[in-house]
Amino acid sequence: MTDIKKRLISTKNTIHLAEDAAQRPPYSVSLLAVSKTWPAEALRHANQAGQRFFGENYLQEALKKMSALADLDIEWHFIGPIQSNKTKEIASHFEWVQSLDRAKIAQRLAKQRPENLPDLNVCIQVNIDNESSKSGITPVELFSFAHEISQIDRLVLRGLMIIPTKTADEAQQRIAFKKARDLFEQLAKRYPTIDTLSMGMSADMILAIEEGSTMVRIGTALFGQRKPNIPKLLEDADFRA
Ligand SMILES: *Cc1c(COP(=O)(O)O)cnc(C)c1O
């Protein structure tokens with residue numbers, strides 16, 4: 001068995017135990033494998049072990065892997081910051097965009113979504129802790145932004161994505177997750193297409209599942225520790241550490 005297969009089994013097991021502990025139905029939480037910085041071969045191993053959903057943060061890096069893995073059945077999620085000169089490629093190559101936080105970007109993605117592809121699934125990224133340096137719509141802006149997005153043809157508003165402030169304080173983490181869940185539930189009442197609350201990463205997935213996540217985005221626990229600032233990645237114009 002490959003290491004990736006072992007880690008995949010163990011991560012799924014963690015998810016199922018957390019679902020069970022939170023008295024949530026089995027398989028109510030889906031697993032997005034976050035594969036930034038890892039070579040196509042690592043994704044191939046994960047796919048062969050049964051993983052279908054992959055998240056990438058950097059467009060150029062993702063496009064290379066997509067062409068190396070064109071023979072596989074993979075659903076690609078874009079989860080990184082989006083520059084407007086990248087929207088055409090993103091709209092053409094991804095099934096989901098989880099990091100939507102600007103109306104102009106949404107309009108471009110919709111306009112550039114190829115006709116032969118199904119509508120693009122989108123999540124609004126919410127800056128749940130109101131951090132000034134961070135991407136995402138603030139909770140106050142969320143409802144009008146969601147309304148705007150819901151009106152755009154070719155986009156399907158599927159839910160919210162949050163990246164809370166890094167902290168080891170569990171109480172603090174819970175507050176952020178609860179806030180996100182509350183916003184998610186309010187929005188889901190208004191928009192029937194909303195079914196996805198994307199929250200929880202390697203370090204906090206159990207807590208996120210307890211607090212209502214429907215999709216965890218897992219990198220390190222599946223692929224191992226990422227090396228920071230791999231020089232070859234600097235080729236990517238959109239690389240950010
Ligand atoms: C890198 C990344 C993750 C995965 O983080 P890990 O701690 O490695 O599990 C999840 N979501 C986003 C948006 C990321 O950029």
Side-chain angles (χ1 to χ4, degrees), residues 3-4 6-15 18 29-39 42-43 45-46 49 51-62 65 74-83 86 90 94-102 105 121-129 131 133-137 158-170 172-173 176-177 180 184 196-230 233-234 236 238-241:
D3 279 358
I4 288 175
K6 279 186 211 152
R7 293 205 201 97
L8 183 62
I9 291 169
S10 137
T11 301
K12 283 185 184 167
N13 201 35
T14 303
I15 293 172
V29 180
S30 59
L31 170 60
L32 183 73
V34 175
S35 41
K36 61 177 174 239
T37 79
W38 297 103
L43 283 71
H45 285 305
Q51 180 62 29
R52 200 172 152 252
F53 309 145
F54 288 84
E56 287 280 344
N57 298 58
Y58 313 111
L59 177 67
Q60 300 311 322
E61 184 193 334
K65 291 179 208 174
I74 287 179
E75 182 180 280
W76 297 97
H77 293 230
F78 193 81
I79 61 171
I82 309 171
Q83 293 160 305
K86 303 280 161 68
I90 292 173
F94 288 81
E95 278 77 39
W96 286 65
V97 170
Q98 295 202 11
S99 42
L100 193 62
D101 64 357
R102 279 153 67 201
I105 296 288
N121 298 294
V122 297
C123 290
I124 298 171
Q125 184 172 348
V126 182
N127 182 356
I128 202 73
D129 300 301
E131 288 176 278
S133 62
K134 243 203 189 134
S135 321
I137 291 285
R158 297 294 297 268
L160 305 180
M161 192 265 268
I162 69 148
I163 311 172
T165 312
K166 266 211 177 75
T167 169
D169 180 354
E170 210 180 285
Q172 205 60 38
Q173 289 175 327
F177 289 151
F184 168 68
T196 301
L197 177 56
S198 172
M199 67 181 190
M201 316 204 294
S202 296
D204 57 15
M205 66 177 132
I206 295 176
L207 215 60
I209 291 169
E210 283 175 18
E211 298 299 343
S213 165
T214 71
M215 183 185 289
V216 289
R217 307 180 309 271
I218 307 298
T220 309
L222 285 179
F223 297 106
Q225 201 71 44
R226 286 182 294 277
K227 293 184 188 63
N229 292 321
I230 301 168
L233 286 170
L234 293 170
D236 259 20
D238 56 356
F239 179 76
R240 295 200 207 166

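Atoms within each ligand, like the ligands themselves, are counted from 1 in listed order. Quick caveat: nothing in here was measured; it's all calculated off a predicted structure.
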Whether W76 and F54 hold their rings parallel, tilted or perpendicular, with breakpoints at 30° and 60°: tilted
Atoms in ligand 1 flagged as close to I163, the criterion being non-hydrogen separation under 4.0 Å: 13 (C)
For N57, atoms of ligand 1 separated by under 4.0 Å from a heavy atom: 14 (C), 15 (O)
Under-4.0 Å heavy-atom contact with ligand 1, by part of Q98 that carries it: neither
Flag, side chain of S99 to backbone of P81, donor-acceptor distance under 3.5 Å: no
Nearest-neighbour protein heavy atom for atom 9 (O) of ligand 1, which is reported as residue plus atom name and distance: S202 OG, 2.5 Å
Donor-acceptor contact present, side-chain Q51 to main-chain F53, <3.5 Å: yes
Closest candidate by heavy atom, reference atom 2 (C) of ligand 1, pool K36, Q225, M201, M205: K36
Short N or O distance, I79 and ligand 1, threshold 3.5 Å exclusive: no
Side chain, backbone, both or neither: the part of T220 lying under 4.0 Å from ligand 1 by heavy atom: both
Under 3.5 Å donor-acceptor, N121 side chain and E95 backbone: yes
Those atoms of ligand 1 less than 4.0 Å from some heavy atom in I218: 9 (O)
Polar side-chain atom of T196 near backbone of S198 as donor-acceptor pair, under 3.5 Å: no
N/O donor-acceptor pair under 3.5 Å between Q173 side chain and T167 backbone: yes
Any donor-acceptor N/O pair, K36 side chain to R226 backbone, under 3.5 Å: no
Close-contact set for ligand 1 against R217 heavy atoms, below 4.0 Å: 4 (C), 9 (O), 10 (C), 11 (N), 12 (C), 13 (C)
